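Here, residue 1 is the first one in the sequence, and each next residue gets the next number. Just so you know, these numbers come straight off a predicted model, no measurement behind them.
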Amino acid sequence: MFGVILLSIFSSLVSAVPPPNAPLVSCRHCCDHMGPAEGSGDQPAMGEFSHIPEVRTYINMTILKGDKGDRGIRGTPGKAGQEGPPGSRGPMGSKGSKGQAGLPGEPCNVQYSAFSVARRKSLHSHDTYHTLVFDTVFVNLDDHFNMFEGKFLCHIPGIYFFNVNIHTWNFKETYLHIMHNDTERAIVYAQPSDRSIMQSQSLMLELELNDEVWVRLFKRERENAIYSDDVDVYITFNGYLIKSSAGDN
């Protein structure tokens with residue numbers, strides 16, 4: 001850069017030096033006589049010189065501008081400004097594509113309770129009420145029906161359907177009740193006749209946990225009996241859950 005400055009100054013000085021064939025002029029004082037007027041034809045006196053022009057140095061500043069420097073290090077960010085008011089709602093976008101199917105859910109927790117039992121032996125009434133006990137099992141889910149006591153025990157609260165089928169005995173009365181705990185809910189009755197017939201009774205009951213449903217033979221005030229044999233099934237007792245109270249179905 002310094003060499004460029006010297007070169008510029010030297011060029012200015014060279015341009016101020018008169019050419020080699022120019023006449024020599026000498027220095028003069030301000031009190032010396034002036035030379036002959038231009039166009040008079042008189043020759044200037046020996047030793048007199050013409051006016052020397054003033055030499056001024058000019059530096060071109062554009063050539064002093066350096067190359068662009070490297071970018072400085074980024075400063076620390078300032079504090080966040082206050083949150084502006086919410087903008088207006090934009091237009092509704094286009095409908096997206098259908099997503100993938102999700103994972104399969106848990107299966108429904110369906111609860112079941114059902115039984116179907118039978119008796120292959122005839123039975124006569126006693127001096128007291130008698131529980132009808134069964135000796136044949138067709139269906140007994142989770143052993144909800146107690147074969148030794150002849151009673152269904154509710155393990156799942158809800159609404160149940162029950163049905164009893166019996167065969168009467170000739171010339172004898174038939175008198176039974178479908179019991180809910182210690183309460184008579186429905187009767188199975190047939191008057192004495194010279195012909196034996198099939199009798200049936202059905203009902204629905206809403207049961208709570210540990211409720212019992214069973215069939216009771218009436219005590220001996222009349223000749224009361226039901227008929228069956230070891231070959232055919234004449235007496236059956238059935239029940240099943242329709243709807244759980246828990247709302248799982």
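Taking the ring pair (Phe, Tyr, Trp, His ring centres under 6.0 Å) definition, one finds that F171 meets it with nothing, sequence neighbours left out. Every residue meeting the side-chain hydrogen bond (donor to acceptor under 3.5 Å, both in side chains) condition with T136, not counting sequence neighbours, appears here in chain and number order: R120. A search for side-chain hydrogen bond (donor to acceptor under 3.5 Å, both in side chains) contacts involving T128 returns nothing, not counting sequence neighbours. Here S113 pairs with H144, F152, I156, Y160, L241 under the side-chain contact (heavy atoms from CB on, under 4.5 Å) rule; sequence neighbours left out. Listed by chain and number, the residues in a side-chain contact (heavy atoms from CB on, under 4.5 Å) with A225 are H124, W169, K172 (sequence neighbours excluded). By the ring pair (Phe, Tyr, Trp, His ring centres under 6.0 Å) test, W214 pairs with no residue at all, sequence neighbours left out. Annotation: side-chain contact (heavy atoms from CB on, under 4.5 Å) contacts of L205 (sequence neighbours excluded): F162, H180, R185, L203, L207, V213. For the side-chain hydrogen bond (donor to acceptor under 3.5 Å, both in side chains) test, residues two or more places apart in sequence or in another chain that qualify with N181 are D211. Evaluation of the side-chain hydrogen bond (donor to acceptor under 3.5 Å, both in side chains) rule for S125 yields no partner, not counting sequence neighbours. H177 meets the ring pair (Phe, Tyr, Trp, His ring centres under 6.0 Å) test with Y175; sequence neighbours excluded. Partners of Y240 under the ring pair (Phe, Tyr, Trp, His ring centres under 6.0 Å) rule, at least two apart in sequence or in another chain, are F161.
Linking ILVMFWY residues whenever their side-chain heavy atoms come closer than 4.5 Å, directly or via other members, leaves F145 and M179 in distinct clusters.
At most 12 non-hydrogen atoms from other residues, nucleotides or ligands lie less than 6.0 angstrom from CE of M204.
Hydrophobic side-chain contacts under 4.5 Å tie L209 to no other Ile, Leu, Val, Met, Phe, Trp or Tyr residue.
A side-chain contact (heavy atoms from CB on, under 4.5 Å) with V164 is found for one member of N238, V215, T236, I235 and no other, namely V215.
F134 does not carry R119 over the face of its six-membered ring by the limits of under 6.0 Å from the centre and within 45° of the normal.
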